[in-house]
Structure formats: structure tokens, C-alpha cells
Amino acid sequence: MEIILLILRYLVSPLIVIAVLMGMCAYAVLAERKISSWIQNRVGPNRTQLPILAYIPVAGNILQRIGFSQPMADGLKFLFKEDVRPGHVKKFYYVLAPCLSLMTALLTCTVLPFGLWWGKDNLAHPIVLADVDIGLLFILAVSSLGVYGLVLAGWSSNSKYPFLGGIRASAQLISYELAMGVALLPVFLWSSRPGVVSPLNLYSIVQAQDNFWLVIWQPVSALLFLVCLFAETNRLPFDMAESETDLVGGFHTEYGSFKFGFFFIAEYAHMIVGSAVFVILFFGGWNFLPGIADPWPHNLIGSGLTIVWFLAKVVFFVFFFIWIRWTLPRFRYDQVMKLGWNVLLPLSVANFCAYLVFFALFPKA
């Protein structure tokens, strides 16, 4: 029995988490296309259909109209495209770059708690692959490594436009990583309440929001983190590393077929994981609503409800990411740099100092 539990914990559970994340990435692409078509008063993908689904009365037609089978068609398209590798690229690093970009997004999932389960002692435990004491530091460290994939892609492509895209990606990461880190310092202060052994543990941060979400107490920190999250994930209006208006395709100009698909999926994986981190830090994780006790029963159904509620919050912020992309125009590169260094960094330092004074004056707050 113990061997079966070990297999489930160390082999099956990670595979389930990866499968769910990859499925969410695939349908996030579909959501991007459908939401953009809704914003632009278009129809969006509505013709692809699996033959077996076409025979389902009523539901088959609905599934076709919403594009349910489109992600499968897109995946097969990338898989069977000719894998052309230009002769002028640095081959090893050219292949390594897309794998590195996707790998960092998958690694961050290992420390993300996404629900609760209750043991025989009726005590709550987090549903997480690795419940480490420095989970937030681990996420910041590993997610920042994702830029190496973009830099390697730009450098190994041995071409001007991809190289410029890689330089932009590294400069943007440095500019916004500083503001993001400082914006999180008040969160550490808040979660370091008496009796908490590991304030950097993500489960401890969620438990600190059992009454009121941190976005209520720290709205400036939440706003700063969200803006930096857009920049970290290279989403519009911060997609300076791609910027097809002046860099063709940026760092992935020389990529195609399945290697380009890796970059494509990695972008959505980082967006989903970033949304999950934002929900954990500022929107209470799986906690129900501010000021309302959690209605989850302490059993298997309650565990499922915590996961569903957490994923519902994540899906909302994925929608928010997509909505912003198709609403705001792309910033200029100089505007992106000025926003990071001249606005966000000073504001994050001032916000941290204000909370230092607050906690010094009201230590029991």
C-alpha cells in the first residue's frame, strides 16, 4: 500500500498537474481567439470538428460553434509541419531555447498549492506537489530563468531581429523584476504574523487571507505586481521581445513547426502560472469570499470544491490578460523602460516604506 501511495505522489500526481496545465494552455489559445473575435465583432474559429462529435445531437453543433476541437487541430498542425532548421543557427542552443522556456513554467507548478484536503485528524493540508518553506522565492527564482530561453533563441538564431528581441527580453526582465520583488516585501511582512514558522510558504500566505484578501489591505502592491506580471510574461502591451511591427517576430523569427509551438505554449503556461501566483498572493487562493467563512465540507467533495474555486479565479485572470491584450495598444520600447524605472520601482519602494511605518506603529495589525 505504501508503494502505491509513493507512486501516486511522485509519479502520477506530477503527470496529472502537467496534463491539466497543458490542457489549460491549449484552451487558453482557443479562448484568446474567441475573445479577440468577440471584441472585434468577428466569429472566430467555428468549423473544426472531430467526426465522432458531429454525430451528437444538438451538443455536437454547439461544440463546433465554440471551436471545441480547434486546439487538437492546432496541435496536430504544429506536430506535422516540416521542421526546418536554418543553416546559420547555433544548433544546440537553437533547440535548447524553446525547451528551456517551457521547462521553467512547468517547474513553478511544483510548489503551487491549489486546494485543501483534510486528514483523519480533521486538519487542513495543502494540495501541492512540493510544500517547501521558501515557495515564493522558488517561484521568483525559477520564473526569472525563463528569459534565458528568449535570450538563447535570439542569440542562437544568429540574425539581427531575433538578437534585438533577446536583448529587449533581458532588459525588460531586469527592469520589472526589481519592482516586482520590492512590491512583494509588504506581503512577506503581512504573512509574518505571530505563530507562522514559514512566512514565505505559499500555503501560509493563503491562510493569512482567511478573513480578508490581501488585495483589500495592499491594493498598491497588488497593482504593482500585476503590471510587472504583464511585463514578465511578455504579454501586450509589454511584448517588446516579439513586437512584430518592428522586429518581424522578435526572438522566434527563425523558429517554426513544433519548436515555435513550444514558445507558443510556454507563453500561455507562464500566463496561467502567473495568474495562479497572483490569486494565491492577493485574492485568497481557494478561500471563498472576503469576510465570509469557507463553505467547503471537510471531505473529498470539499477538496474538489476548493480546487474548482481556485481554478475559477485563475480562469478569470487569464480572461483579464486576454482582454487587456486586445484592448490596449503596444507601448514603445522607451515607454516600457521609463515605466519600469521611473514609475514602478520608486512607487514600490515608497509603498514598502509606507507599510514599514504602518507595521511599526501598529505591530498587532
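Quick note: numbers below take in every heavy atom, side chains included, and nothing from hydrogens, waters or symmetry partners. Predicted, not measured: the structure shown is a model, and the values here were computed from it.
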- Side chain N201, main chain V132, donor-acceptor under 3.5 Å: yes

- Task: Check whether the ring centres of F262 and F78 lie less than 6.0 Å apart, and answer yes or no.
- Result: no

- Task: On the 0 to 90° scale, with breaks at 30° and 60°, tag the F238-Y176 ring pair as parallel, tilted or perpendicular.
- Result: perpendicular

- Note on the structure: Correct closest heavy-atom pair for M240 and P237 would be CE-O, 4.3 Å

- Item | Charged tip of R168 within 45° of Y333 ring normal and under 6.0 Å | yes

- Flag the pair L214 / S191 as yes when at least one side-chain heavy-atom distance between them is below 4.5 Å, and no otherwise. no

- Task: Using distance alone, with no hydrogens and no angle criterion, decide if E32 and Y268 have a side-chain donor and acceptor under 3.5 Å apart.
- Result: yes

- Message: Once rounded to the nearest 0.5 Å, what's the spacing between atom OG of S204 and atom CG of D131?
- Response: 7.5 Å

- Would you mind reporting whether C228 and L344 have side-chain heavy atoms less than 4.5 Å apart? yes

- L129 side chain near C109 side chain, heavy-atom distance below 4.5 Å: no

- Item | Check: T110 side chain, L107 main-chain N or O, donor-acceptor pair, under 3.5 Å | yes

- Check: N158/H88 side-chain N/O donor and acceptor closer than 3.5 Å: no

- CD1/I167 to CG/L164 distance, rounded to the nearest 0.5 angstrom? 5.5 Å

- Check F212, W309, W213 against F288 for a ring-ring contact (aromatic ring centres under 6.0 Å, His included) and give me the one that passes. W309

- dist L63:CG -> N61:CG (nearest 0.5 Å) comes out at 9.0 Å

- Item | Heavy-atom pair with the smallest gap, counting every atom of F138 and T108 | CE2-CA, 4.5 Å

- Query: If Ile, Leu, Val, Met, Phe, Trp and Tyr residues are connected whenever their side-chain heavy atoms lie under 4.5 Å apart, and connections chain through other members, are Y27 and M22 in the same group?
  - Reply: no

- Query: Should S69 and Q64 count as side-chain neighbours, where that means a heavy-atom distance under 4.5 Å?
  - Reply: no

- May I ask whether F260 and F251 are part of the same hydrophobic cluster, defined by side-chain heavy atoms of I, L, V, M, F, W, Y residues being less than 4.5 angstrom apart, directly or through others? yes

- Query: Between W117 and S303, do the side chains contain an N or O donor and an N or O acceptor separated by less than 3.5 Å?
  - Reply: no

- From the list V315, V206, I280, side chain to side chain contact (heavy atoms under 4.5 Å, CB included) partner of F310 resolves to I280

- Has the side chain of S101 got a donor or acceptor atom that lies under 3.5 Å from a matching backbone atom of A266? no

- Item | CE on M24 to CD1 on I272, rounded to 0.5 Å | 4.5 Å

- Query: Parallel under 30°, tilted from 30 to 60°, perpendicular over 60°: which one fits the rings of F278 and F317?
  - Reply: perpendicular

- Message: Is the shortest side-chain heavy-atom distance between D133 and L200 below 4.5 Å?
- Response: no

- Item | Closest heavy-atom pair and its distance - T253, P162 | CB-CG, 3.8 Å

- State whether the side chain of K34 and the backbone N or O of V43 hold a donor-acceptor pair below 3.5 Å, judged by distance alone. yes

- Query: With side chains defined as the heavy atoms from C-beta onward, is the minimum distance between L184 and L140 less than 4.5 Å?
  - Reply: yes

- Query: Okay, side chain of Y203, backbone of V128: is any donor-acceptor separation there less than 3.5 Å?
  - Reply: no

- Query: Any ion pair linking D246 and R330 (charged N to carboxylate O, less than 4.0 Å)?
  - Reply: no

